[in-house]
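Since the structure comes first, as structure tokens, the remarks are kept for the end.
Each chain gets a letter, A, B and so on, in the order its sequence line appears, and its residues count up from 1.
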Amino acid sequence: MTDEVSEAPTGGVTEVDAGFVVRWLEAAAVAIDRASGELTELDSAIGDGDHGSNMRRGFAAVGETFRGEPPTTPGAALTVAGRRLVSTVGGASGPLYGTLLRRAGKALGEAERVSGAEFGEALRAGTDAVAQLGGAVRGDKTMLDALYPAVEVLCSGGAAGLDVAAAHRAAAEGAEATVPLRARKGRASYLGERSEGHRDPGAVSSALLVGALALAAEGDDDE
Amino acid sequence: MTDEVSEAPTGGVTEVDAGFVVRWLEAAAVAIDRASGELTELDSAIGDGDHGSNMRRGFAAVGETFRGEPPTTPGAALTVAGRRLVSTVGGASGPLYGTLLRRAGKALGEAERVSGAEFGEALRAGTDAVAQLGGAVRGDKTMLDALYPAVEVLCSGGAAGLDVAAAHRAAAEGAEATVPLRARKGRASYLGERSEGHRDPGAVSSALLVGALALAAEGDDDE
Amino acid sequence: MRMLINVPERVVGDALRGMAAAHPELAVDVEQRIVRRGDAPVADKVALVSGGGSGHEPLHGGFVGPGMLDAACPGEIFTSPVPDQMARAAAAVDSGNGVLFVVKNYTGDVLNFEMAAELAEDEGVRIRTVLVQDDVAIDADPASGRRRGTGATLFVEKLAGALAEEGAALDEVEALARRVADASRSFGVALSAVTTPAKGGPMFDLPDGELELGIGIHGEPGRERRPMMTAQEIADAAVDALLEDLTPDGPVLALVNGMGATPLIELYGFCAEVHRVLGERGVAVARTLVGNYVTSLDMAGASVTLCQADAELLRLWDAPVRTTGLRWGA
Amino acid sequence: MRMLINVPERVVGDALRGMAAAHPELAVDVEQRIVRRGDAPVADKVALVSGGGSGHEPLHGGFVGPGMLDAACPGEIFTSPVPDQMARAAAAVDSGNGVLFVVKNYTGDVLNFEMAAELAEDEGVRIRTVLVQDDVAIDADPASGRRRGTGATLFVEKLAGALAEEGAALDEVEALARRVADASRSFGVALSAVTTPAKGGPMFDLPDGELELGIGIHGEPGRERRPMMTAQEIADAAVDALLEDLTPDGPVLALVNGMGATPLIELYGFCAEVHRVLGERGVAVARTLVGNYVTSLDMAGASVTLCQADAELLRLWDAPVRTTGLRWGA
Ligand SMILES: Nc1ncnc2c1ncn2[C@@H]1O[C@H](COP(=O)(O)OP(=O)(O)O)[C@@H](O)[C@H]1O
Ligand SMILES: Nc1ncnc2c1ncn2[C@@H]1O[C@H](COP(=O)(O)OP(=O)(O)O)[C@@H](O)[C@H]1O
Ligand SMILES: [Mg+2]
Ligand SMILES: [Mg+2]
Ligand SMILES: [Mg+2]
Ligand SMILES: [Mg+2]
């Protein structure tokens, strides 16, 4: 189940390097691959049934790119991944997730390591860029409803580092909270009131993405 | 059920006039209308699912023609009815049933009344014409498998008249006996061995037609 | 019943009213059920008339127009039209140069067209008939006379229609039509059963995950039921069945035909596989037509028709045609 | 899953291989997923490029050719193509006179085409974009910007394509395209749900005997579910919905469009009813196109698109077009 919150290590992530981003997005690729049937199912109910395969295709391509040319900075990793999503996903989610990562990558510049707080702020900038590009706000029943609660948690840790487990919980709750909402953006909005009663597929995939941060943090411990 | 044999009067029909033929074909129209769903069902299994509506359309048209211009001889009644079937049914059954009646009508000439035996012979001539037109023989799993057994009965009564109840029994049995056969003519033949195990729709409609003779004979008694 | 109709009995008549409304270039007689070229009879031209049960659209009404049919007679769904109708159509389009009947080989069509030919000849219209019997699923022996007429009908109507348009005589048009019929073979598969308006439900039960090989165009089941196959496997099976009794010694015309409910994107994918296997078998394809042309209402599935071509047939294929279902060069 | 495919992931690529095999007049780049006119770039001509998710065939690849699109970019099934693909297509067909993007109004299409426009402009290709947003089922307010692009896309591509073929400048072609988009409205109904290869089953559960009013072309449910209606009732509902915000003061172009699995005979019957109700509402129909043009895979159902016409639009409509999906006069 994609909304089960994994018990991640409680210690916050205080430093982020290229390896962390790579592990994060590779873990995301695995999680998305596993959940792709469910994402497609959700998108069938209030969209066009392609969100699972879109995400799977995109994240598989990101993984390939990383394997072909491992990035050396977290900013480059995010930027490259975002570009790859844009050029392989299509649909609404391609430009939106692509923008999330590209904008976050741009915010991190060329540093080889950034603090957890900087990483959190970069993701917030990415999320703001998604909101701007798609013209959506929180409560419109989109991925923003999972992303914003998560970045709020991530940005509130300060020197204690990124509380990725709490961020995942916030994202999952945010995705769950889309159920009663009436969609105002994207395909689901065509359904009007019939869009109520369903989780937004993009919010669920966003929660998966945030959940993968915890897995990347675990990997960090292993080092 | 179309293969239930009604308990017709046992006295043979010794004389046939235009009224008898009209009553016959009107009774047939009623029986076919009632069974048309079943005929279509049978034709769906081994044909193209139109036999019920074909027969209903044709016999309804025959009834209309009779009401518009009541025929004065049994030969004319049969000929007019056969023509009407040809011009309204289409498919295989239109020309075949049309030929059955036209040829029978032709055999009766212009007499105002004919004997039961003459009527039986006329139907035999009609059945032979069907066999010739369609190039089929008994056992090919067609309407002939109901028509031939019936005309044999009808032609064997001599001066005792037409034993319409026995003819109906023979036709119904003939229709039933098509079940195990492999079709060699018409659409059902395209199925090869998969045509086995089903009653031939045309044989069933032929049994209905023969069964209607009994009803016409009853009506005769009422007069 | 998932049908966009009023009542089952009116489906054919309603469709003819729609054709009349949409296509002013056609003369549609809704009452008599005849679709004909608005400019027929065309002086000094042999006329082509076809017809058959409805439910195969655009065949035949969609193939009426310059370069193809002069008239079409739609019957009820899957039911051959009646003789009076065809005879009337023949009389309406005959310019005095005679009429070729293009008849698909089914008992009903054959008998009704025969009767129509008699009626028309009684009225002084010269009639010739060509039978289309291309379906290799039926009978190993092509000479059995039992094979169904399916996709090749399009080739016969297009090519003979083009020759007639050039002003050829009745003998020549008939001979060409026969030559095309003889040089064509078809094979079809169904992925779902047809629903007819009269029956209101699927004609037979085809569970998801199975298909019927060797189907016709009237919703009858095929010769064999099989577990679902890939496009590649189906193309192999279909082409091999065709090449079992057509041995082209030159390029072919290929029709990759949808049965009605198979999306065009799937037909194109299937077309790729058909081309692949033909290539593997050493058969060159001169022209390919992909689409829903000889259909079976809402059946999912496809058929492949090949016609051995030569320079004359290619010229006739490329000749202008202007119908609602097939159009180029005009 | 009743699909004539190999594997779900390869459906689009396989179809492109089929298009390449069947249509030598097209240049099909299977790898980059671009279908373009074989003779593009055409000197001194504004180029038209469109694209969108696959599954709507013949839209858009079937509308590539003289008189219509210069290139089409198919995405995955129901998934907008990606920016690189469109930018590459634009560069490949630009003669220096600029490129018009015809974009259906969906978040994905809009965002990806926007990014493509940036990329193309970086490469020195002048890009203009016209949004098609014709579906009156969405939002009472046409100015909301939320309406989906559906059947009107065909009108925009045909009419703007004809003007481009005449040699008009980018400004003019863009203005005409916008005018056509503004003058067009669509409304659709579904009688069955779509099955996508990715999902392998119907997108939603639509019981026999019910229909969805106000559907789009991506298998999403409609605005309202209703007990089954007759063709007559559906035509009344559709046309009345259209005329609620299109008040034609002259003849219209009408597209009676099948969603993919509705037999042509039903579409013609529906067409008769559409003409009837338009007649009752005092709207004259100048041209009618009937068929499966803007589809949704194997969905049963239909849509009606009306475009307010004038002498210029009629001239452009009648102008020659030579694509695999729409062809006349050439
Ligand atoms: N304008 C928007 N702003 C933010 N997110 C959006 C917007 N439109 C759609 N989305 C998100 O995208 C998801 C759908 O993605 P996907 O199915 O891959 O693309 P598409 O809708 O083009 O088929 C939705 O569930 C929603 O979360
Ligand atoms: N060649 C034939 N000779 C005799 N009867 C035939 C022949 N072909 C078909 N039939 C009869 O016609 C019946 C089918 O009639 P119908 O369904 O109305 O026509 P179609 O087969 O054209 O759809 C068959 O069940 C069979 O009894
Ligand atoms: Mg989607
Ligand atoms: Mg039948
Ligand atoms: Mg029939
Ligand atoms: Mg999509």
Side-chain angles (χ1 to χ4, degrees), chain C residues 1-7 10-12 14-23 54-55 57-58 62 77 189 191-192 208-209 211 228 230-232 234 256 260-273 275 285 288-290 292 295 297-298 300-302 322 324 327-330, chain D residues 1-7 10-12 14-23 54-55 57-58 62 77 189 191-192 208-209 211 228 230-232 234 256 260-273 275 285 288-290 292 295 297-298 300-302 322 324 327-330:
Chain C
M1 195 164 51
R2 306 186 187 278
M3 284 182 184
L4 187 50
I5 62 174
N6 287 313
V7 290
R10 272 176 45 197
V11 169
V12 177
D14 284 351
L16 289 174
R17 285 195 298 128
M19 287 201 85
H23 307 303
S54 291
E57 291 65 29
I77 301 279
V189 302
L191 275 57
S192 75
D208 213 0
L211 56 74
M228 193 59 199
T230 62
Q232 188 173 332
I234 295 173
V256 177
T262 286
L264 203 50
I265 193 169
E266 295 181 24
L267 288 182
Y268 272 108
F270 183 53
C271 172
E273 298 298 342
H275 268 255
V285 184
T288 309
L289 187 66
V290 183
N292 290 286
T295 63
L297 289 174
D298 66 342
R322 182 182 178 152
T324 63
R327 184 164 175 180
W328 53 74
Chain D
M1 194 163 53
R2 305 187 187 280
M3 284 182 187
L4 188 51
I5 62 173
N6 289 311
V7 290
R10 273 176 44 199
V11 169
V12 176
D14 284 351
L16 289 174
R17 285 195 298 127
M19 286 201 87
H23 306 304
S54 291
E57 290 67 28
I77 302 279
V189 301
L191 275 56
S192 75
D208 212 2
L211 55 75
M228 193 59 199
T230 62
Q232 188 174 334
I234 294 173
V256 177
T262 286
L264 203 49
I265 192 169
E266 295 180 24
L267 287 182
Y268 273 107
F270 183 52
C271 172
E273 297 299 341
H275 268 256
V285 184
T288 309
L289 187 66
V290 183
N292 289 284
T295 64
L297 290 173
D298 66 342
R322 182 184 179 150
T324 64
R327 185 166 173 177
W328 54 74

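Between the side chain of N6(C) and the main chain of Q232(D), a donor-acceptor pair closer than 3.5 Å is present.
Residue I265(D) is tested with L297(C), I5(C), D14(C) for a side-chain contact (heavy atoms from CB on, under 4.5 Å); the sole match is L297(C).
Ranked by heavy-atom pairs under 4.5 Å with chain D, the first of R322(C), R10(C), R17(C) is R17(C). Contact tally against chain D (heavy-atom pairs below 4.5 Å) for V189(C), L16(C), T288(C): the top residue is T288(C). In terms of non-hydrogen atom pairs under 4.5 Å with chain D, the most contact-rich of G55(C), S192(C), G260(C) is S192(C).
Note that CG of D298(C) is 11.0 Å distant from CG of L191(D), once rounded to the nearest 0.5 Å. Here CE of M3(D) is found 9.5 Å from CG of D208(C). Values are rounded to the nearest 0.5 Å.
Contact of I77(D) with chain C is made through the side chain alone, with heavy-atom distances under 4.5 Å. I234(C) touches chain D through its side chain: at least one heavy atom from C-beta onward sits under 4.5 Å away, while N, CA, C and O do not. For A330(D), the part lying near chain C is the backbone, with the side chain staying farther off; criterion is any non-hydrogen pair under 4.5 Å.
Counting heavy atoms from C-beta on, the side chains of N292(D) and N292(C) never come closer than 4.5 Å. For the pair P263(C) and T295(D), the minimum side-chain heavy-atom distance is 4.5 Å or more.
Residues passing the salt bridge (Lys or Arg N to Asp or Glu O under 4.0 Å) test with R327(D): none are found, sequence neighbours excluded.
C271(D) and G18(C) make their closest contact through SG-O, 3.8 Å (heavy atoms, listed as atom of the first residue, atom of the second, distance). The two residues A15(D) and Y268(C) make their nearest non-hydrogen contact at O-CB, 3.5 Å.
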